[in-house]
Amino acid sequence: MDFHLARQKMVDGQVRPNKVTDPRVIAAMRELPRERFLPPGLATLAYVDEDVALPGGRALIEPMVIARLVQSLGLREGERALVVGAGTGYGAALCAACDAQVTALEEDPALLAIARKVLASVAPSVNVVEGRLAAGWPGASYEAILIEGAIPSVPEALVAQLALNGRLAAVIAQPGKPGQAVLARRVGGGVSHVPQFDASTPPLPAFAPAPAFTF
């Protein structure tokens, strides 16, 4: 398979026609070897126009959705960005291409192993860390947080790690309902939410609501 050609077709056929205009995101998606962010047996699926299932109930988010999520953050040079549920590292690499100081948080050992290997060669500035996704990565405040996977609501623990005027991009979806990408911003003592676009993104298991008690 000609992966270079597949990358160009992905950008020109999936990404640019869907309101992705940030030249940094477009350039990164033309260059980043998306196939290396998948287990070897799934590499040929890297450029399909859909999510690619990963072990542990996770997914490599479809190109258009991850591109628009990263673009919505409006990253600026030197900003601290936290990628929650970084998986195999593709979203973190896109954020790094926008000149952010990126911390990639993951809790799945198999996905972490792929992320550490590929990011070391294609985006070595990314700091890959292991920890509970729902807890974020305390000890710093972030100008931007990207959550890679659908969640039922924006977690307070992650909002607390946003700097003032910091932005959080995520897909919000209730079980069995369509998802919607939102950009949340920490302002004053609260958080504003601005809808971005519809997105049917697989849920992040770490943020699944606890089962309700029934008699």
Side-chain angles (χ1 to χ4, degrees), residues 1-73 83-98 102 104-126 128 130 133 146-151 169-171 173 178-179 181 197-207:
M1 181 173 179
D2 186 339
F3 288 121
H4 175 76
L5 179 60
R7 275 196 294 279
Q8 310 319 308
K9 288 184 175 181
M10 172 191 73
V11 172
D12 293 330
Q14 303 175 36
V15 176
R16 293 179 61 223
N18 282 289
K19 301 182 180 179
V20 179
T21 58
D22 189 322
R24 303 168 303 173
V25 175
I26 292 171
M29 296 188 81
R30 288 197 186 279
E31 296 297 327
L32 284 172
R34 188 171 161 92
E35 69 276 5
R36 291 181 57 189
F37 291 89
L38 287 168
L42 299 176
T44 57
L45 300 177
Y47 299 100
V48 298
D49 189 14
E50 58 187 44
D51 307 300
V52 181
L54 294 171
R58 302 288 294 281
L60 180 66
I61 296 177
E62 70 174 280
M64 180 275 287
V65 172
I66 191 65
R68 291 193 66 181
L69 286 172
V70 172
Q71 176 175 267
S72 72
L73 287 169
V83 180
V84 177
T88 57
Y90 187 75
L94 286 179
C95 290
C98 295
V102 182
L105 173 64
E106 183 49 59
E107 63 184 20
D108 184 287
L111 302 182
L112 268 168
I114 296 174
R116 287 189 168 123
K117 182 177 180 180
V118 67
L119 289 172
S121 61
V122 305
S125 66
V126 175
V128 183
E130 182 176 5
L133 303 187
L146 169 66
I147 302 179
E148 284 201 57
I151 57 176
V171 174
F197 57 96
D198 294 336
S200 297
T201 301
L204 266 179
F207 291 92

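Sequence positions, counted from 1, serve as the residue numbers for this chain.
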Within-4.5 Å side-chain heavy-atom neighbours: [X] and [Y]:
{"X": "Leu204", "Y": "Glu148", "result": "no"}
{"X": "Val118", "Y": "Thr88", "result": "no"}
{"X": "Tyr90", "Y": "Leu38", "result": "no"}
{"X": "Phe37", "Y": "Val122", "result": "yes"}
{"X": "Pro39", "Y": "Leu54", "result": "yes"}
{"X": "Gln71", "Y": "Cys98", "result": "no"}
{"X": "Pro178", "Y": "Asp198", "result": "no"}
{"X": "Val20", "Y": "Met29", "result": "no"}

What is the distance from atom [atom1] of [X] to atom [atom2] of [Y], rounded to the nearest 0.5 Å?
{"X": "Leu133", "Y": "Glu107", "atom1": "CG", "atom2": "CD", "value": "3.5 Å"}
{"X": "Glu35", "Y": "Leu42", "atom1": "CD", "atom2": "CG", "value": "12.5 Å"}
{"X": "Arg34", "Y": "Leu94", "atom1": "CZ", "atom2": "CG", "value": "8.5 Å"}
{"X": "Arg116", "Y": "Glu106", "atom1": "CZ", "atom2": "CD", "value": "10.0 Å"}
{"X": "Leu112", "Y": "Glu130", "atom1": "CG", "atom2": "CD", "value": "5.0 Å"}
{"X": "Ile147", "Y": "Phe207", "atom1": "CD1", "atom2": "CZ", "value": "5.0 Å"}

Closest heavy-atom contact between [X] and [Y]?
{"X": "Met1", "Y": "Ala6", "value": "CE-CB, 3.8 Å"}
{"X": "Pro205", "Y": "Arg58", "value": "CD-CD, 3.7 Å"}
{"X": "Ala96", "Y": "Val102", "value": "N-CG2, 3.6 Å"}
{"X": "Val171", "Y": "Ala199", "value": "CG1-O, 3.7 Å"}
{"X": "Leu73", "Y": "Leu146", "value": "CD1-CB, 4.0 Å"}
{"X": "Val11", "Y": "Pro17", "value": "O-CD, 3.9 Å"}

Are Arg7 and Glu31 within salt-bridge range, i.e. N to O under 4.0 Å? no
Are any of the side-chain nitrogens in Asp12 or Arg30 under 4.0 Å away from the carboxylate oxygens of its partner? yes
Residue from Val25, Ile61, Thr201, Asp51 passing side chain to side chain contact (heavy atoms under 4.5 Å, CB included) with Ile66: Ile61
Fit a plane to each ring of Phe3 and Tyr47, take the angle between them on a 0 to 90° scale, and name the class: parallel (under 30°), tilted (30 to 60°) or perpendicular (over 60°). tilted
Tell me, yes or no, whether the heavy-atom count around Arg24 atom CZ, taken from other residues, nucleotides or ligands under 6.0 Å, exceeds 12. yes
